[in-house]
Amino acid sequence: MENRASRSSLFDGLDGLEEGRLRASSSYPHDERDNDEALENLQDRVSFLKRVTGDIHEEVESHNRLLDKVGNKMDSARGVMSGTINRFKLVFEKKSNRKSCKLIAYFVLLFLVMYYLIRLLNYIKG
C-alpha cells in the first residue's frame, strides 16, 4: 500500500499511466514552478557546498604550511641535538673529563637538595 502511494505521488502528473495511456496533466505550469523552486533550492545547496569545500581547502592549506614550518623547526632542533650529543661523546671519551663531569653533577645535585630543604624549612616556619 505504501508502495502504491509513493508510486502515485511520483506519477501524479500523468493520468492513466497504469492503463497504458499517456496524457499530460493539466497542472503543467504548477509542476514547472515546483521544478524551478527545486532547481533554485538545489543551486543554493550547491553554492553552499562549494563555499564549504573552499573553506576546507583553505584550512587544509594553512595546516599544511604550519606542518611544514614545524617540520623545518624539528629538523633544525635535530641538528642542534646531534651536535650536542657529539660534544658529550667527546667529553666522556676522556677519563679526566668524565671525572670532572661527575663532580659537577654531584655539586648540582647537592645544590638542588639544599635548595629544596631550605624551601621546606621556610614553608614549615612561615
Report the distance from atom [atom1] of [X] to atom [atom2] of [Y], rounding to the nearest 0.5 Å.
{"X": "Leu117", "Y": "Leu112", "atom1": "CG", "atom2": "CG", "result": "11.0 Å"}
{"X": "Ile104", "Y": "Leu109", "atom1": "CD1", "atom2": "CG", "result": "13.5 Å"}
{"X": "Asp36", "Y": "Asn41", "atom1": "CG", "atom2": "CG", "result": "12.5 Å"}
{"X": "Tyr116", "Y": "Tyr123", "atom1": "OH", "atom2": "OH", "result": "15.5 Å"}
{"X": "Leu39", "Y": "Asp34", "atom1": "CG", "atom2": "CG", "result": "12.5 Å"}
{"X": "Ser82", "Y": "Arg87", "atom1": "OG", "atom2": "CZ", "result": "9.5 Å"}

Those residues that, when tested against Arg78, pass salt bridge (Lys or Arg N to Asp or Glu O under 4.0 Å) (two or more places apart):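 Per chain and number, Arg78 pairs via salt bridge (Lys or Arg N to Asp or Glu O under 4.0 Å) with Asp75.
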Is there any salt bridge (charged side-chain N to carboxylate O under 4.0 Å, His left out) pair reaching into residues 110-122, and which pairs are they, with sequence neighbours excluded?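 Listed by first then second residue: nothing to list.
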If two hydrophobic side chains count as joined below 4.5 Å and joins carry through other members, does Val60 share a cluster with Val52?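 Cluster IDs for Val60 and Val52 match.
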Thr84 side chain to Val80 backbone, donor-acceptor under 3.5 Å: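 Answer holds: yes.
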Can you list every pair that meets side chain to side chain donor-acceptor pair (under 3.5 Å) and has a residue in residues 48-61, with sequence neighbours left out?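 Matches after skipping sequence neighbours: Glu59-His63.
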